[in-house]
Amino acid sequence: MKRMAVISAGFVPVPAVDGGAGEVLTTEIINGNELTADYFMDIYTIESPKLDKIDYKNAEIIQIHISKINWFLCKARNAFLKLFRKKYRFIPYNRELLRRFKDNYDMILIENNMQVFEDICNRSKNGTNHMIYHMHNDIDGTTKPEYLCKYIADKAEVILPVSEYLKDHFMQVAPNDKMKVFYNCVDLEKFNTEKVTNTKALKRKYNINKSDFVYMYTGRVCPEKGILELVKAFKKISKENPNSKLMVVGSRWYNQIAKDEYFEKLLKEAEGLEEKIIFTGYIFPEDMPSIYTLADVLVIPSMWEEPFGVVALEGMAMKLPIITTNSGGLIEILDKETSIIVDKSRDVEEQLYTAMITMWENAEKRENIAQNAYTKLIETFAFNKKNYYDEFKKRIEKCR
């Protein structure tokens, strides 16, 4: 059996015991291999006590412990490098990973960490002729800089961006013939309206009445996601529809609950509407299907270029009408037949308000959009979790 190293990004654990869109998808690759036994996988991941109970037949979980002194040394080195404007960044996870790395693999899958790709490729002797880079996030000036894009384009055998948008952006920086779009997926067994049984209890928990019309945002709570613009648009809606409510589902970073400056700004904007604007905090992935059943409309008001947009797939699966912006990979999932699309480049607050009013007033439009979106989801082979591992194998065929 061939051996594959699966190297997680290093932010939250894999398997995805603490959520994370990318981590959930990496878990699907691992689970798919567990059924087919194509490889024996060593899974390198940040440590978590929750991982201790997980056991695979065709994989070993290698947990990376990061000591306080490791954090301190990396911080000091980075400060020194910044002083001299050096590109390399010392990352505690990467340093410990290199110490634990076994270097006995036929192929190496790097999940969304460009610096790890360079580190592993530079210091390993085996498997580097079969390097696979799975790209979940867009190019930026820090963790995804252009010079590492060029490095990966040169060294990788296959590059798997999660959308055509990411592929096109990467190609502008580092032209190559190695890129194969590998769309994210959704679990249609899990995200299934017929399997949710606790909606009434959740409505009581969040004080949602039968007559309420609920708009919902789910995801990270940060500026680029457009939540402040959504809150401002909702304030106008609430004056016209006293029974409207807005649920903001999520936190700044995975299951962290601490408020930051942006969150405080949201709370201040929502002053006076505390009974109408509900901040749930972090919700674990297994509870999300139930949460979606509380919504009448899902709003994805992204102000940046979304690399893909798993939330859109989840909303489609839960048969929700969706309002979105014309953002990155989102418009590869949604179109004018399956959503109301807002132009994020101008008057976003006003456009969101208009779209939200339209959804409230026009039940037939809501139903048509939701049905069109669900049909598109069902008919798109690549969006179904059942096909995810097979799609992965097709794209790494020349590595095998």
Side-chain angles (χ1 to χ4, degrees), residues 4-11 20-26 28-29 87-89 91 94 107-122 124 127-185 220 224-225 300 302-313 324-334 344-345 380 382-383 388 391-399:
M4 178 188 290
V6 178
I7 302 179
S8 71
F11 301 112
E23 287 72 18
V24 168
L25 294 165
T26 306
E28 291 303 331
I29 292 173
K87 291 180 178 178
Y88 188 88
R89 295 167 64 245
I91 303 170
N94 298 25
M107 61 187 69
I108 302 170
L109 170 63
I110 307 288
E111 287 286 348
N112 204 43
N113 189 324
M114 287 189 172
Q115 189 66 68
V116 161
F117 185 100
E118 183 184 38
D119 291 343
I120 292 291
C121 198
N122 282 340
S124 301
T128 53
N129 59 327
H130 292 316
M131 295 280 287
I132 306 160
Y133 184 67
H134 192 182
M135 185 176 183
H136 297 265
N137 292 122
D138 205 353
I139 299 165
D140 59 29
T142 53
T143 61
K144 306 282 188 298
E146 293 188 1
Y147 82 92
L148 283 179
C149 293
K150 294 172 183 176
Y151 182 88
I152 291 170
D154 179 49
K155 300 295 185 181
E157 187 169 12
V158 178
I159 304 169
L160 304 175
V162 299
S163 64
E164 290 289 345
Y165 163 75
L166 276 190
K167 176 183 176 181
D168 292 344
H169 196 180
F170 193 102
M171 291 285 283
Q172 290 170 18
V173 171
N176 66 88
D177 60 355
K178 303 173 180 180
M179 306 197 79
K180 299 181 180 180
V181 173
F182 180 35
Y183 280 129
N184 295 341
C185 65
R220 288 187 295 116
E224 62 267 25
K225 293 293 189 175
I300 311 174
S302 297
M303 298 299 291
W304 68 329
E305 301 295 355
E306 287 284 354
F308 182 75
V310 171
V311 167
L313 294 185
T324 186
T325 57
N326 55 343
S327 167
L330 276 171
I331 55 176
E332 294 173 43
I333 308 167
L334 298 163
K344 70 182 188 314
S345 67
T380 305
F383 290 164
Y388 191 68
E391 292 289 290
F392 173 70
K393 286 202 296 183
K394 287 177 189 175
R395 284 160 179 75
I396 66 165
E397 192 67 37
K398 66 179 182 178
C399 297

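If you're wondering where the values come from, they're calculated on a predicted model, not measured in any experiment.
The pair K394-E397 fails the salt-bridge criterion, with no side-chain N (NZ, NE, NH1 or NH2) lying under 4.0 Å from an Asp/Glu carboxylate O. Between K344 and E305, at least one side-chain N (NZ, or NE/NH1/NH2) sits under 4.0 Å from a carboxylate O, which counts as a salt bridge.
Counting heavy atoms from C-beta on, the side chains of S8 and E23 never come closer than 4.5 Å. Residues L148 and F117 have side chains not in contact (no heavy-atom distance under 4.5 Å, counting atoms from C-beta outward). When side chains are defined from C-beta on, N113 counts as touching Q115, because their heavy atoms get closer than 4.5 Å. With a 4.5 Å cut-off on side-chain heavy atoms, M114 and Y133 count as touching. In this structure the side chain of V6 reaches within 4.5 angstrom of the side chain of T26, judged on heavy atoms. Between E306 and T324, the closest side-chain pair of non-hydrogen atoms is not below 4.5 Å.
Closest of all the heavy-atom pairs between P307 and L166 is CB-CD1, 3.9 Å. Heavy atoms only, all atoms of each residue included: L330 and A312 are closest at CD2-CB, 3.9 Å. Residues I108 and T128 share a closest heavy-atom pair of CD1-N, 4.4 Å. Here the closest non-hydrogen pair linking Y151 and E118 is CE2-CA, 3.6 Å. The shortest non-hydrogen separation linking V173 to C149 is CG1-CB, 3.9 Å. A pairwise comparison of heavy atoms in M131 and C121 identifies CE-CB, 3.9 Å as the closest pair.
L160 CG to I396 CD1: the interatomic distance, rounded to the nearest 0.5 Å, is 8.0 Å. A distance of 11.0 Å separates CZ in F383 from CD in E391, rounded to the nearest 0.5 Å. Distance check: E146 CD to D140 CG gives 10.0 Å after rounding to the nearest 0.5 Å. Atom CG of L109 and atom NE2 of H134 lie 7.5 Å apart (nearest 0.5 Å). Here CD1 of I132 is found 10.5 Å from CZ of F182. Values are rounded to the nearest 0.5 Å.
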Report task. Start with the C-alpha distance between M135 and I152, add both sets of side-chain angles, then the distance that settles side-chain contact (heavy atoms from CB on, under 4.5 Å), and finish with yes or no. Result -> CA-CA 11 Å; M135 185 176 183; I152 291 170; over 6 Å; no

Query raised in the report: How far apart are the C-alpha atoms of F308 and E332, what are their side-chain angles, what is the distance that settles it, and do they pass the side-chain contact (heavy atoms from CB on, under 4.5 Å) test?
Result: CA-CA 8 Å; F308 182 75; E332 294 173 43; 5.8 Å; no

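Ring centroid separation for the pair Y183 and Y388 does not come in under the 6.0 Å cut-off.
With hydrogens and angles ignored, the 3.5 Å screen pairs a side-chain donor or acceptor of K144 with a backbone N or O of N112. A distance-only check finds a donor-acceptor pair linking the side chain of K178 to the backbone of A153 [under 3.5 Å].
Within the structure, the side chain to side chain donor-acceptor pair (under 3.5 Å) test picks out the following pairs touching residues 159-176 (sequence neighbours left out): D138-Y165, D138-H169.
Listed by chain and number, the residues in a side-chain contact (heavy atoms from CB on, under 4.5 Å) with D154 amount to none (sequence neighbours excluded). With sequence neighbours left out, N184 forms a side-chain hydrogen bond (donor to acceptor under 3.5 Å, both in side chains) with no residue at all.
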